[in-house]
Asker: 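I'd like to ask you about the structure that follows.
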2 protein chains.
Amino acid sequence: MALADPTRRRIIEMLGEGALAAGEITARFEVSAPAISQHLKVLKAAGLVTVEISGQRRIYRLEPGGLDTFEAWVRQVRGFWTASLGRLEQELAKPGTDEGVE
Amino acid sequence: MALADPTRRRIIEMLGEGALAAGEITARFEVSAPAISQHLKVLKAAGLVTVEISGQRRIYRLEPGGLDTFEAWVRQVRGFWTASLGRLEQELAKPGTDEGVE
DNA sequence: TTCGTATTGACTTAATTAAGTGAGATAAGA
DNA sequence: TCTTATCTCACTTAATTAAGTCAATACGAA
């Protein structure tokens with residue numbers, strides 16, 4: 001699941017405040033550039049973010065419909081009144097349920 | 001010309017003492033990894049070195065016939081008695097003569 | 001239950017590709 | 001001559017792909 005990982009959720013939160021280049025996202029974490037690159041790949045595959053190539057940079061931004069789709073999915077699975085990302089943590093962390101929002 | 005650049009000649013000298021992974025070559029210079037990667041690409045295109053992929057590593061070694069071909073070329077161009085790499089420096093450094101040994 | 005044995009997933013290291021910069025050479029025009 | 005425009009080439013930065021490690025989970029057999 002794309003949002004199972006806390007690092008990916010933090011990326012989504014960051015992008016909520018505005019678009020960022022891959023390198024700017026990496027700078028905000030302690031892990032390596034490839035690690036972030038791989039997270040971004042998952043988020044993109046799940047339809048949660050989009051990329052715009054600008055010269056040497058890759059600008060990542062939130063896909064407007066992406067979180068809506070995710071929210072709808074969450075409601076369906078758990079009921080919308082418990083749809084807190086924090087409380088879903090254990091549920092989402094279960095492996096093998098990785099078909100994502102899309 | 002593949003051997004016009006002193007960095008590339010130093011790489012060839014290093015490989016003369018045995019095969020090396022790309023990273024080991026990089027470690028012996030002060031420039032960035034991509035810079036070395038690009039030099040290795042030129043040397044490979046000129047038939048002077050070969051690569052063997054070994055897991056995550058790329059092992060570079062001298063192509064046995066490569067320098068022979070180069071030497072023959074040098075003799076043809078300058079006469080074998082003046083075929084010192086040092087004295088050819090200015091000649092080799094001329095741009096636009098980049099068809100190489102091959 | 002317990003003990004291998006897979007599988008998953010986040011991560012690192014190794015290396016590369018792609019894009020852009022800057023210095024030196026070349027050539028054409030005023 | 002001077003100067004301006006173009007080209008080449010070594011280089012850097014930005015980002016990624018590929019390969020491998022490691023810990024946690026899941027799972028079937030003894």
Asker: Would you kindly give the CZ-to-C1' distance between A:Arg10 and C:dA10, to the nearest whole Å?
Answerer: 15 Å

Asker: Between the base of C:dA14 and the side chain of B:Gln56, is there any donor-acceptor pair under 3.5 Å?
Answerer: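 Checked by distance alone, the answer is no.
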
Asker: Which atom pair, heavy atoms only, marks the closest approach of B:Ala22 to B:Leu40?
Answerer: CB-CD1, 4.1 Å

Asker: Please check the phosphate of C:dA19 (OP1 and OP2 only) for any side-chain N or O of A:Arg58 closer than 4.0 Å.
Answerer: no

Asker: Less than 4.5 Å apart, side chain to side chain, heavy atoms only: is that true for A:Glu24 and A:Tyr60?
Answerer: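 A side-chain contact is absent here, since even the closest heavy-atom pair is not under 4.5 Å.
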
Asker: For A:Lys41 and B:Gln38, take the nucleotide of DNA chain D holding the closest heavy atom to each; which residue's nucleotide lies nearer the 5' end?
Answerer: B:Gln38

Asker: Report the residue (A:Ala35 or B:Leu40) whose heavy-atom-nearest nucleotide on DNA chain C is the more 5′ of the two.
Answerer: A:Ala35

Asker: Within the 4.5 Å heavy-atom criterion, are A:Glu63 and A:Leu48 side-chain neighbours or not?
Answerer: no

Asker: Heavy atoms, side chains only, cut-off 4.5 Å: are A:Val49 and A:Arg61 in contact?
Answerer: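 No, every pair of side-chain atoms sits at 4.5 Å or beyond.
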
Asker: Check this one for me: any side-chain N or O of A:Tyr60 less than 4.0 Å away from OP1 or OP2 of D:dT16?
Answerer: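 For A:Tyr60, the contact criterion (side-chain N or O under 4.0 Å from OP1 or OP2 of D:dT16) is met.
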
Asker: Check whether any side-chain heavy atom of B:Leu15 sits under 4.5 Å from a side-chain heavy atom of B:Ile25, and report yes or no.
Answerer: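 They are in contact (side-chain heavy atoms under 4.5 Å apart), so the answer is yes.
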
Asker: Check DNA chain C against residues 21-32 of chain A and give the residues with a non-hydrogen atom under 4.0 Å, in numerical order.
Answerer: A:Val31, A:Ser32

Asker: Quick one: which of C:dT17, C:dA10, D:dA15 gets closest to the side chain of A:His39?
Answerer: C:dA10

Asker: Find out whether B:Arg28 and B:Leu20 are in side-chain contact, i.e. whether some heavy atom of one side chain is under 4.5 Å from a heavy atom of the other.
Answerer: yes

Asker: Between B:Ile36 and B:Ile53, which has a closest nucleotide on DNA chain D that is more 5'?
Answerer: B:Ile36

